[in-house]
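All remarks here apply to the structure that follows.
Atoms within a ligand are numbered from 1 in the order they appear, just like the ligands themselves. Values below: every heavy atom of this structure, side chains too, minus hydrogens, waters and symmetry copies.
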Amino acid sequence: MAVIYERVALIGLGLIASSMAHAMKAKGLAGEVVGYAKSAESRAVALEIGFCDRVEETAAKAVVGADLVVLAVPVGAMGAIAEEIGPHLAPGATVTDVGSVKQAVIAAVAPHIPEGVHFIAGHPIAGTEHSGPRSGFATLFQNRWWLLTPQGADAAAVARLRALCEGMGAKVDEMDAAHHDLVLAVTSHTPHLIAYTMVGVADDLRRVTDSEVINYSAAGFRDFTRIAASDPTMWRDVFLTNKEATLDILGRFTEELFALQRAIRLGDGDHLHAYFTRTRAIRRGIIEAGQDTAAPDFGRAAQVAPKGG
Ligand code: NAP
């Protein structure tokens, strides 16, 4: 494939950024990949693995001369990074981000993007519970959705970024930032919260039943523990910044849970059976859409509904 950006600056060198670097290198999509992460250790790992050609000690230095800058830090850190790099961005460059929440990132980043630089927020719906520069791999985005929320950005700049995402194997869709945040609250954010809660409940129980919870944990609970192992900083920021939509969906979830609780108490098997039949059909729909994954991942399940909301 042809080079799409001559110099890509990755700000943050964790799972998403390192996977992007691996994918861009595998497909020849970037002339040079420059990296910056908060810790010297992560910067050294990026060089050791070789997914960055060069690393810099500040974000401001890393973006100099880059025609694409990718903000791949936790959502809560985006605004401060944007403020730091703003004066150093090259005219005509594109800035994008990969944050899991869009409205809050746009509000924090956009004010720092100078005139003549394109800001196109985005979110690859792909991930694992692992983090850090050693966790990335080139095929992470293969057949996954990459959602862009361009909000009126220059069409040629959007087309170029879209080509990069597609070059890394993703399918691209565009949507409004508020719609994105609601869809992701349903398909990723609230399910993560439920997983965190379930594992917390089991941990409390473990004190009563010794190690039975772990020893006899069935596949369902093991999946919860895997999801609940996701990075605490990233997920703290997701809930703090997608507060409204998450609380809305959590409210609806609680109502449904009460209805199921009532059906169990009343012995209403018809209600339970009808409910489980409906949810089973949703699972089949995911498989038919080719969006099943080797290991279950609530975040990835978002890919069935980027438009539906
Ligand atoms: P990660 O593996 O934890 O990596 C985060 C990177 O950001 C690390 O390199 C870290 O530096 C750096 N960083 C953290 N705070 C910083 C700060 N204040 N200034 C500069 N650098 C900082 O995270 P990730 O999973 O790649 O997630 C990155 C972004 O992608 C997040 O916004 C997340 O919402 C989004 N996202 C994640 C997933 C997923 O499943 N993981 C999926 C889609 C989107 P050090 O290495 O030095 O600590």
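Close approach of ligand 1 to Ala37 (heavy-atom distance below 4.0 Å) involves ligand atoms 9 (O), 11 (O), 47 (O). Listed by number with element, the atoms of ligand 1 under 4.0 Å from a non-hydrogen atom of Pro124 are 43 (C). Taking every heavy atom of Ser131 and a limit of under 4.0 angstrom, the matching atoms of ligand 1 come to 1 (P), 2 (O), 3 (O). The Gly132 neighbourhood of ligand 1 comprises atoms 1 (P), 2 (O), with distances under 4.0 Å to a heavy atom of that residue. Below 4.0 Å from some heavy atom of His123 lie the following atoms of ligand 1, by number and element: 43 (C), 44 (C). Counting the atoms of ligand 1 from 1 in the order shown, those under 4.0 Å from a heavy atom of Tyr36 are 20 (C). Taking every non-hydrogen atom of Gly99 and a distance limit under 4.0 Å, the qualifying atoms of ligand 1 come out as 32 (O).
Considering backbone and side-chain atoms alike, Leu15 places an N or O below 3.5 Å from some N or O of ligand 1. Inclusion of Ile81 in the set of residues having an N or O under 3.5 Å from an N or O of ligand 1 is not warranted. Looking at ligand 1, you'll find an N or O of Ser100 within less than 3.5 Å of one of its N or O atoms. Between Ser39 and ligand 1, at least one N/O pair is under 3.5 Å apart. The distance criterion of under 3.5 Å between nitrogen or oxygen atoms is met by Leu13 with respect to ligand 1.
With distances taken over non-hydrogen atoms, the option nearest atom 32 (O) of ligand 1 out of Val98, Val73, Leu147, Val45 is Val73. For atom 14 (C) of ligand 1, the candidate residues are Ala77, Ser188, Ser18, Pro74; the nearest heavy-atom contact is made by Pro74. The heavy atom nearest to atom 42 (C) of ligand 1, out of those in Ala126, Gly35, Ala80, Gly127, is found in Ala126.
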Using side chain to side chain contact (heavy atoms under 4.5 Å, CB included), reason through Glu174 and Leu148 one step at a time and then give a plain yes or no. CA-CA 5 Å; Glu174 292 177 27; Leu148 299 177; 4.2 Å; yes
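Heavy-atom minimum distance, Met78 versus Val73: CE-O, 3.1 Å. Nearest approach of His271 to Asp268, heavy atoms of both residues: N-OD1, 3.1 Å. When all heavy atoms of His192 and Phe239 are compared, the pair lying nearest together is CB-CZ, 4.4 Å. Nearest heavy atoms, Glu56 versus Tyr36: O-CD1, 3.3 Å. Between Ala228 and Tyr196 the shortest heavy-atom distance is O-CE2, 3.2 Å. Considering every non-hydrogen atom in both Val34 and Ala62, the closest pair reads CG1-O, 3.8 Å.
To the nearest 0.5 Å, the span separating NE2 on His189 from OG1 on Thr246 amounts to 6.5 Å.
Under a 4.0 Å N-O distance rule, the pair Lys102/Asp176 does not qualify as a salt bridge. A salt bridge is absent between Glu57 and Lys61; no separation between the charged side-chain nitrogens and carboxylate oxygens falls under 4.0 Å. Salt-bridge formation is detected for the pair Asp53/Lys25: a Lys NZ or Arg NE/NH1/NH2 atom is positioned less than 4.0 Å from an Asp or Glu carboxylate oxygen.
Using 4.0 Å as the threshold, Thr128 has a heavy atom nearer than that to some atom of ligand 1. Not a single heavy atom of Ala59 sits closer than 4.0 Å to an atom of ligand 1. Residue Glu41 places every heavy atom at 4.0 Å or more from ligand 1.
Under 4.0 angstrom from ligand 1, there are no non-hydrogen atoms of His130. Under 4.0 angstrom from ligand 1, the non-hydrogen atoms of Met78 all belong to its side chain. For Lys38, heavy-atom contacts with ligand 1 shorter than 4.0 Å involve the backbone as well as the side chain. Residue Ser42 touches ligand 1 through its side chain alone, judged by heavy-atom distances below 4.0 Å.
Side-chain heavy atoms closer than 4.5 Å link hydrophobic residues (I, L, V, M, F, W, Y) into clusters, and following such links, even through other members, never connects Met24 to Val3. Hydrophobic clustering places Val98 together with Ile4 (ILVMFWY residues linked when any side-chain heavy atoms are closer than 4.5 Å, directly or through intermediates).
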